[in-house]
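Read the structure below first, then the notes.
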Number of protein chains: 2
Amino acid sequence: MSKYKKVYHDIKAKISNGTLVAKQELPSESELMQHYGFSKDTIRKALSLLEINGYIQKQQGRNSIVLERHLPKPQILSEIKTVSELNHSSSHQVKTTLSSLYIVQGEEELMHIFNVNEQIDFYRIGRTREIDGERVEYEVSYFDRRIVPFINRDIAEQSIYHYLESELGLKISHSQREIVFRYANEEEENTLDLGEYNMIVSVTSTTYLADGRPFQYGSISYRPDKITFASTATREIKHSSTN
Amino acid sequence: MSKYKKVYHDIKAKISNGTLVAKQELPSESELMQHYGFSKDTIRKALSLLEINGYIQKQQGRNSIVLERHLPKPQILSEIKTVSELNHSSSHQVKTTLSSLYIVQGEEELMHIFNVNEQIDFYRIGRTREIDGERVEYEVSYFDRRIVPFINRDIAEQSIYHYLESELGLKISHSQREIVFRYANEEEENTLDLGEYNMIVSVTSTTYLADGRPFQYGSISYRPDKITFASTATREIKHSSTN
DNA sequence: CGTCATTTGTCCGTATGTATA
DNA sequence: CTATACATACGGACAAATGAC
């Protein structure tokens, strides 16, 4: 791991475990340089990362300060996390069930998003997520078969992302998402335990590889009481960097 | 303006006006260095900014590529925008009405968030937003009077943020937000034109000054069909840096 | 399959500007 | 006004990934 990431993880850990407390000042950049034995550039990259991810607040002319930690419960919108990754931190019983897996061709929406003709086919995967025995999430996902030529039941029931990254060696880069709140359609009413609710939260996403090609499109429908989003917003464009 | 911000805005403009098109490659860093006559560090900061804000995609070993532009409609979650700023880009008729303005003391939730006792008082401002004649947003906002000692009707009906930044000279830094989906309460049913809906989208936020002090807490309730959120997520922590 | 030129990523040292206290 | 601390900028060295051969 690079030096600036080591410093980032080190300070982040100190904030998480309470060694550094909210509103407290961090050591100055020059003190951190001495402490870690790294250059100014390296320390500054680590601090910028901490700021972007909402752990600290920098201000010219004074030491950085530690921010209050946002609640651990809600989904952080700036991270792509898979279900199994999310489950690590959860004390609830989560079960993923594959409800459908087949190949489709010529769907208008897909052809438009992937900018392809009706010759190209896609895996269509439907999955339901049960949390503590209630079906509260329903996911429909499409994968471009030119990039993901093979998926079976096993893979679809386990972690698809792990398969893509480890087995196929794909480099997943980023994802564009849109969140809407709308009435549930028939499919969602059938596959989810909506109870009294007649609306769902729908998160639609397109995911891209490091080389810029889109390879996945889909949406996840949530029962409204089972989802919360968190985000940190800044007043100006956030400085940034050297990568 | 600093050099790296100039480069950032220049390339951003070229992407926005179509001089640079999606999937196209940017010039290499060394070519950009020559073109602008700036150092590698400066060019790299600009490119990192463009990547963080979702305009380009970087990958080690090859030139950066231009990403598809996300739709301009939805709210971008990583920016703090005031109503009047949002209205610039909109072709709709927007009207903000002040529905209440008074001072409160000793509210449990506020005392907890601002970590103060019941001696401290807050402005409580209720505002309704009409879009094309329909009341679709209702905002309740609290301001710490030690930081914002005076607000009147005029200010509350115009832009509060402009007043805080220009008149009071406050430096607004960042904001933590949480989005939940729930049934409308009585106040929301009365102040909003909810029509057939009985649920709302609620965005709760705490806003901080550059020195880390929280000065504002509040929530905005939206009619479900009038709000969409957009965000870009990354698979790994986003590098960053040198500020 | 390795080789090699190109390109980006990391790290360092230094100088100067600007905000804070 | 001054000392301190962060912000911007430059130039150079080496590492790592990519693509073409």
Side-chain angles (χ1 to χ4, degrees), chain A residues 1-9 11 24-52 56-66 165 169-173 209-213 234 236-243, chain B residues 1-9 11 24-52 56-66 165 169-173 209-213 234 236-243:
Chain A
M1 183 161 30
S2 52
K3 292 183 182 179
Y4 77 89
K5 284 185 184 168
K6 281 202 187 96
V7 176
Y8 168 77
H9 286 296
I11 297 181
Q24 190 177 328
E25 282 191 358
L26 258 63
S28 70
E29 289 181 358
S30 42
E31 284 167 334
L32 290 170
M33 284 167 64
Q34 286 191 10
H35 176 5
Y36 288 102
F38 298 154
S39 77
K40 181 186 185 75
D41 194 60
T42 303
I43 299 297
R44 285 180 60 74
K45 272 198 212 177
L47 293 183
S48 295
L49 247 192
L50 286 163
E51 181 182 35
I52 286 177
I56 67 168
Q57 171 72 45
K58 303 174 101 207
Q59 192 185 359
Q60 186 170 355
R62 47 188 295 181
N63 291 9
S64 298
I65 51 179
V66 179
E165 289 180 324
L170 297 178
K171 296 199 180 175
I172 297 165
S173 158
L209 297 176
D211 63 10
R213 288 180 294 167
T234 54
E236 298 194 52
I237 57 166
K238 233 351 165 197
H239 12 296
S240 139
S241 56
T242 282
N243 297 259
Chain B
M1 185 164 25
S2 52
K3 292 183 182 178
Y4 78 89
K5 284 185 184 167
K6 281 203 187 94
V7 176
Y8 167 77
H9 286 296
I11 297 181
Q24 190 176 331
E25 283 189 356
L26 259 64
S28 71
E29 291 179 358
S30 41
E31 284 167 333
L32 290 170
M33 283 167 63
Q34 286 190 13
H35 177 4
Y36 289 102
F38 297 154
S39 76
K40 174 184 175 133
D41 192 60
T42 302
I43 300 296
R44 285 181 60 72
K45 273 198 212 176
L47 293 183
S48 294
L49 245 191
L50 287 163
E51 182 182 34
I52 286 176
I56 67 169
Q57 170 75 45
K58 299 172 117 225
Q59 191 184 1
Q60 186 169 357
R62 48 186 294 180
N63 292 9
S64 298
I65 51 180
V66 178
E165 289 179 323
L170 297 178
K171 296 200 179 176
I172 296 165
S173 159
L209 298 176
D211 63 10
R213 288 180 294 167
T234 53
E236 299 195 51
I237 59 168
K238 233 352 161 194
H239 10 299
S240 132
S241 46
T242 274
N243 300 256

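Treat the numbers as computed from the prediction; the structure is a model and nothing was measured. Here is how names work: the chains are called A, B, and so on, in the same order as the sequence lines, proteins then strands, and each is numbered from 1.
Rounded to whole Å, the distance from CD on A:Q57 to C1' on C:dT20 is 15 Å. Put simply, CE on B:M1 is 16 Å from C1' on D:dA9, counting in whole angstrom units. The separation between B:D41 atom CG and C:dC11 atom P is 14 Å, rounded to whole Å. For the pair A:E29 CD and D:dA7 C1', the computed distance is 8 Å after rounding to whole Å. Atom CG of A:L170 and atom P of D:dA17 are 17 Å apart (whole Å). Nucleotide C:dT7 holds its P atom 14 Å from the CG atom of B:L47, rounded to whole Å. In this structure, A:K40 atom NZ and D:dA9 atom C1' are separated by 12 Å, rounded to whole Å. What separates CD1 of A:I65 from P of C:dT20 is a distance of 13 Å, to the nearest Å.
Across all their heavy atoms, B:A210 and A:Q59 have their closest contact at O-OE1, 3.3 Å. Looking at every heavy atom in both residues, A:K58 comes nearest to A:S48 through NZ-OG, 3.7 Å. Shortest non-hydrogen contact noted between B:I56 and B:L47 is CD1-O, 3.5 Å. In plain terms, the two heavy atoms of B:I65 and A:D211 that are nearest each other are CD1-O, 3.1 Å.
For the pair B:N63 and A:M33, nearest-nucleotide mapping onto DNA chain C gives the more 5' position to B:N63. Annotation: of the two residues near DNA chain D, B:S39 and A:K171, the 5′-most nearest-nucleotide partner is B:S39. For the pair A:D211 and A:P27, nearest-nucleotide mapping onto DNA chain D gives the more 5' position to A:P27.
Regarding contacts with the backbone of D:dT8, a side-chain N or O of B:Y4 is found under 4.0 angstrom from either OP1 or OP2. The phosphate of D:dA5 has neither OP1 nor OP2 within less than 4.0 Å of any side-chain N or O from A:K58. Residue B:K3 places at least one side-chain N or O closer than 4.0 Å to OP1 or OP2 of D:dC10. Listed pair B:K6 / D:dT8 fails the phosphate criterion, with no side-chain N or O lying under 4.0 Å from OP1 or OP2. Put simply, B:T42 has a side-chain N or O that comes within less than 4.0 Å of OP1 or OP2 on D:dC10. One finds no side-chain N or O of A:R62 lying less than 4.0 angstrom from the OP1 or OP2 phosphate oxygen of D:dA5. Regarding contacts with the backbone of C:dA19, every side-chain N or O of A:Q59 stays at 4.0 angstrom or more from both OP1 and OP2.
With 3.5 Å as the limit, one finds no donor-acceptor pair spanning the side chains of B:S64 and B:E51.
Under 3.5 Å, the side chain of A:Q60 and the base of D:dA5 form no donor-acceptor pair of N or O atoms.
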